[in-house]
Amino acid sequence: MAARSAPARECLVPLSRRTLLALLPAATVAAQAANSTPASARSSRRAAADPAVDHARLLANTVATFAGTPEANAAPEVAPKLAAMADAARRWLADWDAAGEGELFAGLPLGSDDSALNASYQRLYEIALATVAPGDAAPDLGGNAAVRRRVLDGLAWLHERYYGDQSAGYYGNWFHWEIGISTHVTRVLVLLAAEAAEHAPELTETYRASMDAYLRNGRDGDVDLDSRFHTGANLADITVNRVLQGAVTGDEARIVKAVADLATVLDPIDPYALRHGVTDGFYADGSFLQHASVAYTGSYGVSLLGRVTQASRVLEGTGYVAGGELVETARGWLVDSFAPVVFEGWMMETVRGRAVSRTTGGYQAAAPVVEAAVDLSAAVGDPASAAALRGYVRYLRGASPVAPDPVAFVSPVSVARYAEILADEATPPADLGPESRHLAFHAMDRTVHRRPGYAFALARSSRRISRYEYMSGENLMPWFQGDGAHQLYLTGQDQSAAFGVDHLTTVSPYRLAGVVAPVEERATVPELYGAAWYDNPEAGFTASSEAQNTYVYFPRSLNSHSGGATLDGYGAVGLVLADDVAWRDAEAGLLPEDFVAYRNASGVRSWFLLDEEVVMLTAGVRDAAGRAVTTTVDSRIAAPDADVSLTGRLADGRPWEGPGGEQPLSWLRFADRDAGGAVGYAFLEPTGAHVGWQTVTRDRRAVRTGNPDTPVTRRVFTLGTELPAGAAESGTLACALVPGATEEALARYAGGPVRVLVNSERVQAVEHRGLGLLGVNSFAPGRHRVGPVEVEGAASLLLRHAPDGTVALAVADPTTERDRVTVTLRGRRLQPVEADEGVGVRRIPGGTRVTVTTRRAYGASRTVRFAR
């Protein structure tokens, strides 16, 4: 099929000041500026320009972004998007007509529910949007002056009764008052700027003053870069709103200041040189954090990506910012941060925070990434980069079992561009990274390992990164999600049937894949306190206080050891299990007596991520309170009537006959013939394992109070071990997860290429003879010797002997606290031919000593290669 010309892209043509000031909804999106200014050279000064012209272009670009252009909206593929916009507007108008006392829209009672107030403003925006969208998709709404004026009257009514009184407002969620409502109001004032000037000339300034006053976490009605609320995605939301407010009010200073504040989110966070104390944002290794310590690429990171991409479109053709900088930064985020955590169109759970409990799953979460790739492909200056983005869009569409729904895109222009890309047969589909890769996101304690046929995602925690995120009645049972929980995604499967909210609902929170948990029943925050948070203002606990964040919403672990080494696409990862800050401070008497904290089990964990398998080691499992402790190897779900087979063999060679008590397994295989995937489990040390296979029915509200009251029934498979209560000795486990394994392949692990060399609380190490690879994680002070390797103190390393005789060594400090790590390679002296900065090599009697400077590396690996 021949590619069609793009109706949504237009070149920048000279527009007169008179034309721009007319603010026609048909205004085109200006072409992207090609060059950028280095971040270090940014300032709040801008290129000389006529402010009135730039303000008008900002407004025109905004209308085009959200409402579309005549050219884009004429594309047949955009019709469903326009129909959805019109249908929503008609539905809200009907609800408006049916509203009762204290409502603007039926079903949204106002006065004490901030979410209802925010939703009322959002509906006004969606009505206004349908009236300005170019085209004839909704003749009853398009250009309807009466409806537009009614929207403005609705704004006035809400302000007079429920928003303008500062003493009565600001209850509930701060986000609604500082971001949500302001976003909807600002967009309405932009879309209906001409009508507001004529019909309600005081309304814009009235709202401008109120929105500033509600910016209570700011400073003097403006952004405060030192505020913990004005960071990352939140900062982008606020600043883009203020850019548009400045444009619609003619406030040049507001625009210049907001653009300068927005630009601060573009630079990678340097953990050793924080600006304004901010840890929220993207890091050099591709990590993304929000709320100071939550791994959040798949939710807040998506929001920031979308906002920056939208900002690049809104600012196109103006002198406020070098637009190429916004575009190129967002493109880099796509490649380094988003593509690795999107597997065949599915956003991985480990980076979604509390959003994992929502009924909108990973496919919907990844749809904004697709839209950003679509928009950026039309804006980047480099043809190769543009082609790569178009190829990525085509790849996601082909690889995803659930295609992105363009109706959910923000912009009709994006829908038209998306259709054009899919029709372009000349662009080959391609992921933005190789099929085989290992990604160590040290700054957010996450690991992603990808191979043909599968992807393995691992969530960890530490003093730096939270164990989980709970908030606002979302993710009610999160307790072990950052303690080594994993997801193993299989190629070609519908991940919404294997993971997502139904997996979280039906699998016990104590039996999540990879989790070590004490045997006890924990209560959710609403069960403990009768509310969505712990309410104790006298002790400093309010809905969004720092104490609430620290102890309830996203507590951090007490361990510093979390991370590992990366070499040639392979990985070694170590984790020390520990209690969190809530338990520590409750035990120390620093928290109120009615505050409930839970104690964890202890132990050390390792993962060695190879080609055909992921080797999991656990040692030193115990519980100081004497409770029983479970270690879960894996947990998977299937439809109630799925054709699933469970086969295995015992350590003595006899066939496994099915679930029932503790059994000494050699291997087990789970195969879902309906879903089309299998996973094998090869036990590398003698182990008594428990296999669970049961039908579970549970309500989705068990994991999120706002979910529909919908029961879910799934068959749940679990595999793990249990340390008895009061056990005299600690527990260990050594198992290889083998995606796609056959029974024959699993049987070979008894004498196969993978060998566990050490599995103790001090050291864990494996060897893969076929790969010539040795992986070592050490957890204690002192000297540790494994085969030909000696390592000092806590560290992680991979040593590989290639078939041609060359040797490579990668070393990392998983604690991020050591200045250097010393490794000695016993045997013949080695000649270095290539080494990273900070790696020193010297010959010693009996071998070669490598000293790796790990100070300020933040967990990243340092590598040295030796000749034959």
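Between Thr491 and Phe343, the closest side-chain pair of non-hydrogen atoms falls below 4.5 Å. Proximity of Asp634 to Phe670: side-chain heavy atoms (C-beta onward) are nowhere separated by under 4.5 Å. Residues Val850 and Phe866 are in side-chain contact: their nearest non-hydrogen atoms beyond the backbone lie under 4.5 Å apart. Side-chain contact check for Leu617 versus Phe608: some heavy-atom pair is nearer than 4.5 Å.
When atom types are taken as modelled, the side chain of Arg800 and the backbone of Thr806 share no donor-acceptor pair closer than 3.5 angstrom. Side-chain atoms of Asp813 never come within 3.5 Å of backbone atoms of Val821 as a donor-acceptor pair (strictly under, hydrogens ignored). Of the possible polar contacts, one joining the Ser337 side chain to the Gly286 backbone as a donor-acceptor pair under 3.5 Å is found. In this structure, Asp431 contributes its side chain and Glu435 its backbone to no donor-acceptor pair below 3.5 Å. Looking only at distances, no side-chain donor or acceptor of Thr631 sits under 3.5 Å from a matching main-chain atom of Val516. Counting only distance, with no hydrogens or angles, the side chain of Ser861 and the backbone of Thr566 share a donor-acceptor pair below 3.5 Å. A donor-acceptor pair is defined here as one N or O able to donate and one able to accept, closer than 3.5 Å; such a pair exists between the side chain of Gln495 and the backbone of Leu490.
Around the CZ atom of Arg762, the shell of radius 6.0 Å holds more than 12 heavy atoms that belong to other residues, nucleotides or ligands. Under a cut-off of 6.0 angstrom, the local environment of CZ in Arg437 is crowded, with over 12 non-hydrogen atoms contributed by other residues, nucleotides or ligands. With a 6.0 Å radius and a threshold of 12 heavy atoms from other residues, nucleotides or ligands, Arg855 has its CZ atom at or below the threshold. Remark: Glu767 CD is packed, more than 12 non-hydrogen atoms of other residues, nucleotides or ligands lying under 6.0 Å away.
Note on ring orientation: taking the six-membered ring where Trp is involved, the planes of Tyr858 and Tyr272 are perpendicular (angle over 60°, cut-offs 30° and 60°). Tyr363 and Trp346 have perpendicular rings, their planes meeting at more than 60° on a 0 to 90° scale where under 30° would count as parallel. The aromatic rings of Tyr392 and Tyr395 sit parallel, their planes meeting at an angle under 30°, below the 60° perpendicular limit.
For the residue pair Thr718/Arg511, the side-chain donor-acceptor check at 3.5 Å is not satisfied.
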Query - Residues Arg785, Arg826; criterion side chain to side chain contact (heavy atoms under 4.5 Å, CB included); working and verdict - result: CA-CA 10 Å; Arg785 177 138 189 195; Arg826 295 296 178 184; 3.5 Å; yes
Query raised in the report: Stepwise, does the side chain to side chain contact (heavy atoms under 4.5 Å, CB included) test hold for Val308 with Thr329?
Result: CA-CA 9 Å; Val308 168; Thr329 298; 5.7 Å; no
Requested in this report: Please test Thr427 against Ile421 for side chain to side chain contact (heavy atoms under 4.5 Å, CB included), starting from the C-alpha separation and ending with a verdict.
Outcome: CA-CA 8 Å; Thr427 299; Ile421 290 172; over 6 Å; no
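Considering Asn559, Asp445, Thr815, Thr816 in turn, Asp445 is the only one that fulfils the side chain to side chain donor-acceptor pair (under 3.5 Å) rule with Ser462. Here the rule is side chain to side chain donor-acceptor pair (under 3.5 Å) with Tyr489, and of Glu344, Glu349, Arg450 only Glu349 fits it. Among Thr853, Thr854, Val839, the single residue meeting the side chain to side chain contact (heavy atoms under 4.5 Å, CB included) criterion with Arg862 is Val839. Among Val776, Val811, Thr848, the single residue meeting the side chain to side chain contact (heavy atoms under 4.5 Å, CB included) criterion with Val823 is Val811.
Atom-to-atom distance recorded for Ser461:OG and Leu575:CG is 6.0 Å, nearest 0.5 angstrom. Atom CG of residue Asn777 and atom CZ of residue Arg605 lie 12.0 Å apart, to the nearest 0.5 angstrom. Between the OG atom of Ser560 and the CZ atom of Arg818 there is a distance of 11.0 Å, given to the nearest 0.5 Å. Atom-to-atom distance recorded for Thr824:OG1 and Ile844:CD1 is 4.5 Å, nearest 0.5 angstrom. Here the CZ-CD distance, from Arg849 to Glu790, works out to 7.5 Å after rounding to the nearest 0.5 Å. Arg556 CZ to Arg467 CZ: the interatomic distance, rounded to the nearest 0.5 Å, is 13.5 Å.
Closest of all the heavy-atom pairs between Val786 and Ala765 is CG1-CB, 3.6 Å. Of all the heavy atoms in Gln493 and Ala498, the pair that sits closest is OE1-CB, 4.1 Å. Minimum interatomic distance between Glu612 and Val738 (heavy atoms only, all atoms of both residues): O-CG1, 3.5 Å. Closest heavy-atom contact between Arg828 and Gly805: NH2-O, 3.6 Å. The heavy-atom pair separating Ser796 from Ala565 by the smallest distance is OG-N, 3.1 Å.
For His768, there are no ring pair (Phe, Tyr, Trp, His ring centres under 6.0 Å) partners at least two apart in sequence or on another chain. Listed by chain and residue number, Thr732, Ala734, Val756, Asn759 satisfy the side chain to side chain contact (heavy atoms under 4.5 Å, CB included) test with Glu685 (two or more places apart in sequence, or in another chain).
In summary, Arg331 and Glu328 engage in a salt bridge, as defined by a charged side-chain N under 4.0 Å from a carboxylate O. Using a 4.0 Å cut-off between charged nitrogen and carboxylate oxygen, Asp568 and Arg865 count as a salt-bridge pair.
In this structure, the ring of Phe282 has its center less than 6.0 angstrom from the ring center of Phe288.
Each ring pair (Phe, Tyr, Trp, His ring centres under 6.0 Å) pair with one or both residues in residues 775-795, not counting sequence neighbours, appears once here: His561-Phe779.
The side-chain tip of Arg464 does not point at the ring of Phe441 from less than 6.0 angstrom away and within 45° of straight on.
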